[in-house]
Structure formats: C-alpha cells, structure tokens
Amino acid sequence: MRRDAQCLATALHELDARQLRRAPRSVQGFAGSHDIALPIVAGRALVNFCSNDYLGLARHPRLIDAMRAAAHEFGVGSGAAHLVTGHSREHHALEEELAAFTGRERALLFSTGYMANLGVITALAERGDLVLGDRLNHASLIDAALLSGARHARYAHGDAQDAARHMDNERNTLIATDGVFSMDGDFAPLAELAQLANTRKAWLVVDD
C-alpha cells in the first residue's frame, strides 16, 4: 500500500463495504455476577459464543481471591522477562504442578498461546529448515513459521499423506498443526502426523 492518506481511507472504506472491518466492543460489565459468558455491551446483555473461557473460570471468586493475594505479595508485574528480573516461586510451582499433571518432565509457561507458538517454533526451526503447516493453521503458527526464517510449506487440511509428500529428507523438518481447529472444530490427524514425524525424524508441534 502506498504511503498516502487517501489510499488508506479507500482501503478502510472497502473493508467497511465488505463488512470486514473489525472494531473492539467495550464490555461494561457482566449480567451474571461470576459469568463472563454474559457481557453487557452498549447497555445490552449479550451471550458470548466466542470466548476461550470454556470452564467459566475467569471470574470465579476463588481464583479472583488467589490473584488478589498474589498481587499483594508479588505486585502486578515483574518489570521484565523472567531471565532478566527473576522467575517467581509461584510461576515455578505452577510449572512443576502442570508438568506433574500432564506427565511431562518439565513445563514452560508463556503469557499467551500466540507467544508460545512463536517461542517454540523459532527455537526449533531456522533458516535452511522446513516448516510444514496445515493449510487451516491458526495465524500464530503461520507467523511463527515465517519468523523462523525456514522454508514454509502448507499441506492439505487434515491430510497427513499430503504432508508426507512435502517432506524433504535433506532438511530438518518441523510439522506444525492445530490440535482442534478453532474455526471449524475439526481434529487434526495427530496419530498419523506423529507416526510421520517419528519415521522421518521430524519435529511435531501441536497447538492445543
């Protein structure tokens, strides 16, 4: 896009005409005292079908009390990354509990799923490698693949055989997929992808 105010105005007008221009909606409160699924927007109580708060824990009183107590003891921000200003004992305890709960050796917390995908994929793939992504992957997986500097190829949605056809024995390969695709609700063929990754000695990253 050219650096021109009129060009920007035209592009925004085209988005408006196609009903593709997004804008944040201010949530004034909630109709239920502890239910984030009932936000109040512009004075109206709405039903929220797009939240990731599947268990309704975001406004649970026990969690609110625990966060209040933690904020009183540790403050409301570290001031920098964990490796710079320190890793709090509460973060450490949570990571250990999550590792034990999932049966893994270690767990590492990120502040968002988007940052987790960027952190993991850019750590495992670099220029000269190959990242294979499902055609309907979440944008964070696509951005991570591009940021890594690796060659990025996309295979047909949910098709492990097509992923295999894109494999390159000369390159370190990472296969990236959603576990459950958020827009459609369908599942990735994880068993087939895991077998492919094991056979071809590739990484498999699942965003779940």
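What you are looking at is a predicted structure, and each value in this text was computed from that prediction instead of being measured.
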Residue pair D129, R171: steps toward the salt bridge (charged side-chain N to carboxylate O under 4.0 Å, His left out) verdict: CA-CA 5 Å; D129 294 339; R171 296 173 187 261; over 6 Å; no
query: Step by step, would you call L136 with D184 a side chain to side chain contact (heavy atoms under 4.5 Å, CB included)?
result: CA-CA 9 Å; L136 296 186; D184 300 302; 3.8 Å; yes
Check against side chain to side chain contact (heavy atoms under 4.5 Å, CB included), D134 and Y155: CA-CA 5 Å; D134 188 289; Y155 59 88; 3.7 Å; yes
task: Walk me through it: do R44 and L46 pass the test side chain to side chain contact (heavy atoms under 4.5 Å, CB included)?
output: CA-CA 6 Å; R44 294 178 56 204; L46 305 176; 4.1 Å; yes
task: Would you sort out whether I175 and V205 count as a side chain to side chain contact (heavy atoms under 4.5 Å, CB included), showing the intermediate values?
output: CA-CA 6 Å; I175 304 169; V205 173; over 6 Å; no
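Summarising the local packing, CG of L20 is surrounded by more than 12 heavy atoms from other residues, nucleotides or ligands at distances under 6.0 Å. For R127, the CZ atom is loosely surrounded, since the number of other residues' heavy atoms within 6.0 Å does not exceed 12. Atom NE2 of H87 has more than 12 heavy atoms from other residues, nucleotides or ligands within 6.0 Å. With a 6.0 Å radius and a threshold of 12 heavy atoms from other residues, nucleotides or ligands, E90 has its CD atom above the threshold. In the displayed structure, Q161 atom CD is contacted under 6.0 Å by at most 12 heavy atoms of other residues, nucleotides or ligands.
Nearest heavy-atom pair across L196 and A160 is CD2-O, 3.9 Å. Closest heavy-atom contact between A156 and D162: N-OD2, 2.6 Å. For L132 against A163, the heavy-atom pair with the smallest separation is CD1-O, 3.4 Å. Counting all heavy atoms, side chain and backbone alike, L109 lies closest to E95 at N-OE2, 2.9 Å. Here the shortest heavy-atom pairing between T177 and L190 reads CG2-CD2, 4.0 Å. Between R59 and I64, the shortest heavy-atom distance links the atoms O-CD1, 3.5 Å.
When the side chains of ILVMFWY residues are joined at heavy-atom separations under 4.5 Å, either directly or via intervening members, L204 and L141 end up in two distinct hydrophobic clusters. Under a hydrophobic clustering in which Ile, Leu, Val, Met, Phe, Trp and Tyr are joined whenever their side-chain heavy atoms come within less than 4.5 Å, directly or via other members, L98 and L63 fall into different clusters. Each of Y54 and F49 belongs to its own hydrophobic cluster when Ile, Leu, Val, Met, Phe, Trp and Tyr are linked at side-chain heavy-atom distances under 4.5 angstrom. Residues L174 and L193 do not share a hydrophobic cluster, clusters being chains of Ile/Leu/Val/Met/Phe/Trp/Tyr side chains in contact below 4.5 Å. A continuous path of Ile, Leu, Val, Met, Phe, Trp and Tyr side chains, each step under 4.5 Å between heavy atoms, connects V206 with M167, placing both in one hydrophobic cluster.
Formation of a donor-acceptor pair under 3.5 Å by the S148 side chain with backbone atoms of A145 is found in this model. At distances below 3.5 Å, at least one donor-acceptor pair connects side-chain atoms of D53 with backbone N or O atoms of A58. The backbone N or O of G133 lies less than 3.5 Å from no partner atom in the side chain of N137, so there is not a single donor-acceptor pair.
Partners of E105 under the side chain to side chain contact (heavy atoms under 4.5 Å, CB included) rule, at least two apart in sequence or in another chain, do not exist in this structure. Listed by chain and residue number, F110, S111, T112 satisfy the side chain to side chain contact (heavy atoms under 4.5 Å, CB included) test with M115 (two or more places apart in sequence, or in another chain).
Taking CZ from R200 and CG from D168, the interatomic distance works out to 8.5 Å, rounded to the nearest 0.5 Å. The distance from atom CG of L147 to atom CD of E126, rounded to the nearest 0.5 Å, is 13.0 Å.
Considering only heavy atoms from C-beta on, I40 stays 4.5 Å or farther from V27 through its side chain. Residues S26 and V41 fail the side-chain proximity criterion, which asks for heavy atoms closer than 4.5 Å. I142 places a side-chain heavy atom less than 4.5 Å from the side chain of R154.
A salt bridge does not link D65 with R62: every distance from a Lys NZ or Arg NE/NH1/NH2 to an Asp or Glu carboxylate oxygen is 4.0 Å or more. Look at R89 and E73 and you find a salt bridge, because one of the NZ, NE, NH1 or NH2 atoms lies within 4.0 Å of a carboxylate O, short of that distance.
Ring geometry for H82 versus H91: interplanar angle over 60°, hence perpendicular rather than tilted (30 to 60°).
Note on residues 171-208: pairs passing ring-ring contact (aromatic ring centres under 6.0 Å, His included), not counting sequence neighbours, are H157-F181.
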